[in-house]
Amino acid sequence: MLSERAKNIKPSPTLAIDAKAKAMKAAGVDVVNFGVGEPDFDTPENIKEAAIKAIKDGFTKYTPVGGIDPLKDAIIEKFRKDNGLEYSREEVIVSCGAKHSLYNIAQALYGNGDEVIIPAPYWVSYPDQVILNDATPVFVKTYEKDKFILKADALKSHITKKTKAIILNSPSNPTGLTYDRKTLEDIASIALEHNLYVISDEIYEKLTYNGFVHTSIASLGSEIKNRTLIVNGLSKAYAMTGWRIGYTAGPKDIIKAMTNIQSQSTSNPTSIAQKAAVEALTGPQDFIKTMLAEFDKRRKYLVSELNSIPGISCLTPTGAFYAFPNTSKLYGKQADGKKISSSSGLALHLLEKANVALVPGDAFGNDNHIRLSYATSMENIGKGVKRIREAVSGLK
Ligand SMILES: *Cc1c(COP(=O)(O)O)cnc(C)c1O
């Protein structure tokens, strides 16, 4: 018999769609995949070389559980430079990807009876990680008219005596939108007033457009810094999803608990990947600029194409590499006598009839939308939107 815990958990829906698209591709179908949540760029050469050197040097044994000092120091320097934040080694832990960082936090903080506030739409793993740790996710709906930014009143009305934490994600996956400083100040003062922890997932920090400047909520004052756990990682900014390096900065006692938890589960993140991460953080940073310039071109093209399809409207994303168009006007229409009535119905129709893979918004807690990743070539984007346009015009 499986545990209650195992029965309550569903597999990551984004990975599921990706798997189906890859299976179709393997079977010879020409699928355009807008489902992927990782850069289509290769990991930069200098980073690969650092890993190869680590292997050759025999840096292939256990390391300290929470990461090697040179990596912690590189992370500390990143916080100082990019966010104006001071942390010590005891306030930083390196884990096997930011997803693992978030999981360690969930293990260290949440328990039976706790409520964790998650603004919706949300990244798919947040609710399930809360559930896996016996706590209850409390969703706060955000609205397209507000650019999916959490409003202070909506937050306040969801806080109870049981509320333990709130999870923020800016730039956001799935919306591609970003929190401004003023909103973060409002959220910080509410969090402090109610003694909440803030989990701030900043994995897309480096990927913003039109000169948008990312603010970390922890940088708004020492009080809120003491209540915030910043989660970040190498996956997105350095095209290193497979290397599995993420990190957390926050109060010493929580970092210590996370380190204990990690010591009983994965132990240290891969030694070789840690050396590569030191190079990523301390080596040349121009790779990010190059990747970002390409994402920016694709973003503009994809969004303007989507907005020209009748029945679809899309806000202009300011960060990450996702577009999150509203497709609700298409629901109720028919395809081959079958009614499309939801984002997953639409996603399935587009996958089967147009060979286009994307993720239905209901996976992220908003059924009126679908998510398209533009971490794919301009050529693919052009081909994909043409297919979507045709498929949508065939809906009656
Ligand atoms: C990709 C992603 C992560 C996890 O990244 P890792 O590969 O585990 O480092 C965390 N949060 C969000 C919002 C993401 O999109």
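In listed order, ligands and their atoms are each counted from 1.
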Quiz item: Hey, is Asp336 close enough to Lys353 for a salt bridge, meaning N to O under 4.0 Å?
Solution: yes
Quiz item: Hey, is NZ on Lys7 packed in by over 12 heavy atoms from elsewhere, all under 6.0 Å?
Solution: yes
Quiz item: For Lys81, does the NZ atom sit with more than 12 other heavy atoms under 6.0 Å from it, leaving out its own atoms?
Solution: yes
Quiz item: So which bit of Ala98 gets within less than 4.0 Å of ligand 1, heavy atoms only: side chain, backbone, both or neither?
Solution: both
Quiz item: Between Phe139 and Tyr122, is a ring-ring contact (aromatic ring centres under 6.0 Å, His included) present by the stated rule, with each step listed?
Solution: CA-CA 9 Å; Phe139 301 112; Tyr122 45 76; 4.9 Å; yes
Quiz item: Which residue owns the protein heavy atom closest to atom 15 (O) of ligand 1, what's the atom, and how far is it?
Solution: Tyr204 OH, 2.7 Å
Practice problem: Quick one: look up the protein heavy atom nearest atom 13 (C) of ligand 1 and list residue, atom name and how far away it is. | Solution: Asp201 OD2, 3.4 Å
Quick check on contacts: which atoms of ligand 1 are under 4.0 angstrom from a heavy atom of [X]?
X: Asn169; value: 13 (C)
X: Ser235; value: 6 (P), 7 (O), 9 (O)
X: Lys99; value: 4 (C), 6 (P), 8 (O)
X: Gly97; value: 8 (O), 9 (O)

Quiz item: Quick one: which of Met240, Glu202, Arg244, Lys236 has a heavy atom closest to atom 1 (C) of ligand 1?
Solution: Lys236
Quiz prompt | Asp180 side chain to Lys182 backbone, donor-acceptor under 3.5 Å | solution = yes
Practice problem: Answer yes or no: is there a side-chain heavy-atom contact under 4.5 Å between Val94 and Asn268? | Solution: no
